[in-house]
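On a predicted model such as this, the values are computed, not experimentally measured, just so you know. Counting from 1, the numbers follow the sequence of the chain as shown. The basis for the numbers below is simple: all heavy atoms, side chains too, and nothing from hydrogens, waters or symmetry mates.
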Amino acid sequence: MTRSAYGGPSWRTVAMGASVCVAAVAVVVAFKVHAVESGPVAAAARERAEAGMEVVLTGDPRALGGVGGVVRRERFVVDGRVEVFERAGTRLEVRVPVVVLATGPGWEGLLPSQRVHVRGRLAPANRGDLVTALVFVHARPQVLSGPSRLHRTAGVFRQGLRDAADVLPSEQRGLLPGLVVGDVSRMDEQVKADFQDAGLGHLTAVSGANLAYVAGAALVVGRLVGLPLAPRAALAGLAMVAFAVVARPSPSVVRALVMGLVAVTALGTGRARHGLTALAVAVLGPLLFEPELARSYGFALSVTATAGILLFVPVWGRRLATRMPRWAAEAIAVPAAAQAAVTPVLVLMAGGLNPVAVVANVFAGPAVPPATLLGFGAALVAPLHMRLAQVLVHPAGVATGWVTVVAERAAALPLGVLPWPGGVPGLVMLALTVPVAIAVLRHAPVRRVAATALGGVLVAFVAIRPLIVVWPPSGWLMVVCDVGQGDAIVVAAGPGKAVVVDAGPEPVAVARCLRTLGVREVPLLVFTHPHLDHVGGRAGVSRGRRVGAILTGTIPDEAEDRRLATDPVLRGSARWTAVPGGRWVFGPSEFTVLGPLKDMPVGEHGDGSTINNASVVLHVRWRAGSALLSGDIEIEAQEDLVRAGLPQVDILKVPHHGSASQDPAFLAATGAKAALVSAGAGNDYGHPAPATLARLHWLGMRIFRTDVSGDVAVVERQGGVAVVVRGGPGVAAAVGGG
């Protein structure tokens, strides 16, 4: 081999090796592209035809959440391989990869390697994906065979971990399987959002770090019992194989196994150069078998994070160790190196810089190994002795709870995510900025000046900017939260307290709104009616807050009662039924129930409009003014309220997200000066309807929309009420009161 003057391979050798690797991957890609773009399945996808097929699942069904404003229908996406294709009476044996997009029951709990029969409509996959077709399925799959022995074993251990974790609080119960084996099927949506904002999302993806924890523990145990080096290595290997089985032997787990071994071996021996060689082999091998990994951001993040640890940690760790204890230096160097290496990929993927991620990883990092090891032990023990597994889970829950606290606090910090353009422009800006930053940091005088300037910018942004644009605005009485296509209204009930009227379609948005408003206690939670876009976010209200009572309408809903009973916070809350004339006072706000005026007989509430008309309607009064919160009532209920006598108000929460089903006499009878519309940007329902907006304008109401301005607040100003929007200049628009 030709060598350079420094003893390493010459650039010609490196270029030749790289060319051979590129050529090998190109040949594999060419064959794969031909395979997925030809054949009967690809032809049917181009025609968008409907067909039957037998599909072998190659991954776990991943839940995407419910759809539908009235009834939740679960959606799943799952990778699979079509092996039998049926169309026009012809049955063909094929072997092509597809992605199944399923709506409805029957998919949750299926395991990789199971064979199912489905019938669905095919469509071409995204250009560039090495997938033959997308298959849209709206019926329950017919299971033809069970999973393989390996995947069945993995399923038993994973279910054992989930069952053992049931003794933990809800946030920890869902997170522990995620930290241990990447099972996020029960992970709280708010915790997911906090992890994303705090830069901790990688902790719930099986990586080389998980395997390193397991291998390290095995090596320690081997050393304690006096095993020689070779048996200790064998024990570590067996432990990693066992972990790979529990974590599910999917391609991603196998890649994580390779990456973890590379990082642990390189760091343990201090031979970063050899580690990089092994990393190169580990990258090339999977690409030859799965060339679509070249377009996978997950694979790129795994590779760059490992490379960053190999390249930067030895140098950064030594320098930091001159100023602090070695353990502290390594605790800072590892997450900092990984974050620095993955930043270009994150910018290319989605834009935004996450400076809080390093700090969050430093604080959360020490809790991850004990949670992983104890959880892994619980998974192995659970099928044999559940009580012993629960004993192991309790300390794992303490570690997991600490991680959730770190994620929540980090996600709430200002400047957690800095705006930065995504894609190639953002990558170019980063490439131009980094050399300048390095040049500045190399010189102490310039470094001090830069630190002073940066400190001034931070003070200006964190301290001065809120004095100009404050959110929440002082003296807020009510806030209509931007929760997408749904309703979530927060009414002041005293310091740190608020009455919440509806919770939106999912927990994250309403939880963020309540956190921003500083709400720590909810004396009353009102569900105007049991549609998903009003009750789906109930967990975001109850998480970390005491809920005194729940007020609902007259429609009996057994399914909603069961869901409320599963929430440990809401289960202990008093349950009230709205009765016209009912009245409560909480802090500065007085609530009076105006509707529903008619009881809904059991068995007569299947129609969406009927349920809308049974919405709880509230009249809210403050010293400065009043508001009408009208749920989703439509023309029939609006006419009933007008006949019964409707109080005039300053603020109208427009019924049913501003739909076209509005009674002009009702809108006029409110006498409102401002109309608040809660709707999702780009929603499929056409809300708010142009005819409704025109009617509101004709009546002289000022219209404020969450789909345009974000959160909308009603505030007290000069003895009256005014409206402030978060997505605008923050100027209060006076609308009346007194």
Show the nearest heavy-atom pair for residues [X] and [Y], with the distance to one decimal.
{"X": "Val246", "Y": "Ala379", "answer": "CG1-CB, 4.1 Å"}
{"X": "Pro370", "Y": "Pro366", "answer": "CD-O, 3.2 Å"}
{"X": "Val184", "Y": "Gly178", "answer": "CG1-CA, 4.2 Å"}
{"X": "Gln172", "Y": "Gly397", "answer": "OE1-O, 3.0 Å"}
{"X": "Ala371", "Y": "Leu176", "answer": "O-CD1, 3.8 Å"}
{"X": "Ala367", "Y": "Val403", "answer": "CB-CG2, 3.8 Å"}

Sequence neighbours left out, what passes salt bridge (Lys or Arg N to Asp or Glu O under 4.0 Å) with [X]? Give chain and number order.
{"X": "Asp188", "answer": "Arg543"}
{"X": "Arg409", "answer": "none"}
{"X": "Arg186", "answer": "Asp166"}

(request) List the steps and the verdict of salt bridge (Lys or Arg N to Asp or Glu O under 4.0 Å) for Arg515 and Asp194. (result) CA-CA 12 Å; Arg515 179 192 295 172; Asp194 289 344; 3.2 Å; yes

(message) So does Arg520 get a backbone contact from the side chain of Arg545, meaning a donor-acceptor N/O pair under 3.5 Å?
(response)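 Answer holds: no.
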
(request) Kindly say whether Phe363 contributes a backbone atom to a donor-acceptor pair with the side chain of Trp402 at under 3.5 angstrom? (result)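 Looks like yes, one N/O pair under 3.5 Å.
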
(request) Report yes if the side chains of Pro112 and Thr58 come closer than 4.5 Å at any heavy-atom pair, otherwise no. (result)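 Of all side-chain heavy-atom pairs linking Thr58 with Pro112, none is under 4.5 Å.
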
(message) Side chains of Arg318 and Thr322, heavy atoms from C-beta outward: is any pair under 4.5 Å?
(response)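 Answer no - side chains too far apart.
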
(request) Sequence neighbours left out, what passes side chain to side chain contact (heavy atoms under 4.5 Å, CB included) with Asp482? Give chain and number order. (result)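 Here the qualifying residues are Thr706, Asp711.
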
(request) Under the side chain to side chain contact (heavy atoms under 4.5 Å, CB included) rule, collect the residues that match up with Ala378, sequence neighbours excluded. (result)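 By the side chain to side chain contact (heavy atoms under 4.5 Å, CB included) rule, Ala378 matches Leu161, Ala389, Leu392, Val393.
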
Nearest 0.5 Å please: distance from the [atom1] atom of [X] over to the [atom2] atom of [Y].
{"X": "Gln190", "Y": "Thr404", "atom1": "CD", "atom2": "OG1", "answer": "11.5 Å"}
{"X": "Thr204", "Y": "Lys192", "atom1": "OG1", "atom2": "NZ", "answer": "8.5 Å"}
{"X": "Arg158", "Y": "Thr153", "atom1": "CZ", "atom2": "OG1", "answer": "13.0 Å"}
{"X": "Phe376", "Y": "Thr372", "atom1": "CZ", "atom2": "OG1", "answer": "10.5 Å"}
{"X": "Arg726", "Y": "Cys481", "atom1": "CZ", "atom2": "SG", "answer": "9.5 Å"}
{"X": "Asp79", "Y": "Asp60", "atom1": "CG", "atom2": "CG", "answer": "10.0 Å"}

(request) Return the set of residues passing side chain to side chain donor-acceptor pair (under 3.5 Å) with Gln159 (not counting sequence neighbours), or none when no residue passes. (result)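 So Gln159 forms a side chain to side chain donor-acceptor pair (under 3.5 Å) with Arg162, Asp163.
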
